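Hydrogens, waters and symmetry mates are skipped; everything else that's a heavy atom, side chains included, is used. What you see is a predicted model; the values in this text were computed from it and never measured.
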Amino acid sequence: MASKLLRAVVLGPPGSGKGTMCERIARSFGLQHLSSGQFLRESLGGGGGAAVVLQLRGCGVGDFGSIAAAFLPLTTAPFCCGACTGFPRTLGQAEALDKICELDLVISLNIPFETLKDRLSARWIHPASGRVYNMDFNPPHVQGVDDLTGEPLVQREDDKPEAVAARLRKYKDAAKPVIELYKSRGILHAFSGTETNKIWPYVYTLLSSRIPPVLSEEN
């Protein structure tokens, strides 16, 4: 367990691999990884380990109540990692988060937009579970259906090629002041690349200097 509190978030544009990165952080550092839906339905209570990796998805832009409900119990956690498709995704959300939880570390994933366009356009999901497939590098066993249930996969409207470019432009405009804010505080750590596997060793090294890992980088 960490000797001091460490509160961090992972930022990045849509399709940059924030969810995958949080899963690796959770596994490598012995943390619990929760989705926002599960987190808001269940109380952490006094057990289950204080270290939490929190993956938030779909937070409303001005929904301070949801932000408070999600992050307030984490203010005593040794490590808290939030990925809400780039949370905080706006300066307003960052300011709301400041009222609840002072961040020690911000990880920013910088992926070329052309790479993101290709990733998002090839992404299909299983709506009931949220499982994500990529037809280029993580396809389902049977084309068009979920591996576990056999139910049809769907492509989100905003993952369709014509919508992707607009999403990325919108993210860039909204995220710029957020990134500048954390950069000015000296807590921003940016990692660039086209593949999560190549970025991960650098993220692992950074976090290892702050919290003891339970698995080696290779594992």
Rounded to the nearest 0.5 Å, what separates atom [atom1] in [X] from atom [atom2] in [Y]?
{"X": "S28", "Y": "I211", "atom1": "OG", "atom2": "CD1", "answer": "11.0 Å"}
{"X": "S108", "Y": "I179", "atom1": "OG", "atom2": "CD1", "answer": "4.0 Å"}
{"X": "I199", "Y": "S192", "atom1": "CD1", "atom2": "OG", "answer": "7.0 Å"}
{"X": "R119", "Y": "F113", "atom1": "CZ", "atom2": "CZ", "answer": "12.5 Å"}
{"X": "L188", "Y": "I107", "atom1": "CG", "atom2": "CD1", "answer": "10.0 Å"}
{"X": "W124", "Y": "D146", "atom1": "CH2", "atom2": "CG", "answer": "13.5 Å"}

Residues in side chain to side chain donor-acceptor pair (under 3.5 Å) with K160, at least two apart? E157

In chain order, what residues pass the side chain to side chain donor-acceptor pair (under 3.5 Å) check against E114, with sequence neighbours excluded? K117

Check whether V132 and V10 end up in the same hydrophobic cluster, where Ile, Leu, Val, Met, Phe, Trp and Tyr are linked by side-chain heavy atoms less than 4.5 Å apart. no

Would you confirm whether [X], through its side chain, and [Y], through its main-chain N or O, come within 3.5 Å as a donor-acceptor pair?
{"X": "S184", "Y": "L181", "answer": "yes"}
{"X": "D136", "Y": "A122", "answer": "no"}
{"X": "K18", "Y": "G12", "answer": "yes"}
{"X": "Y133", "Y": "L153", "answer": "no"}
{"X": "E180", "Y": "A175", "answer": "no"}

Taking all heavy atoms of [X] and all of [Y], pick out the closest pair and write down the distance.
{"X": "V164", "Y": "S121", "answer": "CG2-OG, 4.0 Å"}
{"X": "S16", "Y": "I111", "answer": "CB-CG1, 3.7 Å"}
{"X": "L109", "Y": "P13", "answer": "O-CD, 3.4 Å"}
{"X": "V178", "Y": "L91", "answer": "CG2-N, 3.4 Å"}
{"X": "L206", "Y": "F191", "answer": "CD2-CZ, 3.8 Å"}
{"X": "V154", "Y": "P127", "answer": "CG2-CG, 3.5 Å"}

Looking at side-chain heavy atoms only, is the closest gap between [X] and [Y] below 4.5 Å?
{"X": "T196", "Y": "M21", "result": "yes"}
{"X": "Y204", "Y": "I25", "result": "no"}
{"X": "E151", "Y": "V145", "result": "no"}
{"X": "I187", "Y": "L105", "result": "no"}
{"X": "L168", "Y": "P14", "result": "yes"}

Verify the neighbour count for atom CD of E162: are there more than 12 heavy atoms of other residues, nucleotides or ligands below 6.0 Å? yes

Tell me, yes or no, whether the heavy-atom count around E102 atom CD, taken from other residues, nucleotides or ligands under 6.0 Å, exceeds 12. no

In plain terms, say whether R167 and D159 are close enough for a salt bridge, that is, a side-chain N and a carboxylate O under 4.0 Å apart. yes

Show the numbers, then the answer: is there a side-chain contact (heavy atoms from CB on, under 4.5 Å) between L120 and Q155? CA-CA 9 Å; L120 292 170; Q155 187 174 46; over 6 Å; no

Classify the ring geometry between F29 and W200 as parallel (under 30°), tilted (30 to 60°) or perpendicular (over 60°). perpendicular

Take D104 and R185, measure what salt bridge (Lys or Arg N to Asp or Glu O under 4.0 Å) needs, and give me the verdict at the end. CA-CA 10 Å; D104 302 299; R185 294 179 182 176; over 6 Å; no

Regarding D118 and T115, do their side chains bring together a donor and an acceptor under 3.5 Å, going by distance alone? no

Output, in order, the C-alpha distance, side-chain angles, deciding distance and verdict of side-chain hydrogen bond (donor to acceptor under 3.5 Å, both in side chains) for R123 and N138. CA-CA 9 Å; R123 187 167 69 175; N138 180 37; over 6 Å; no

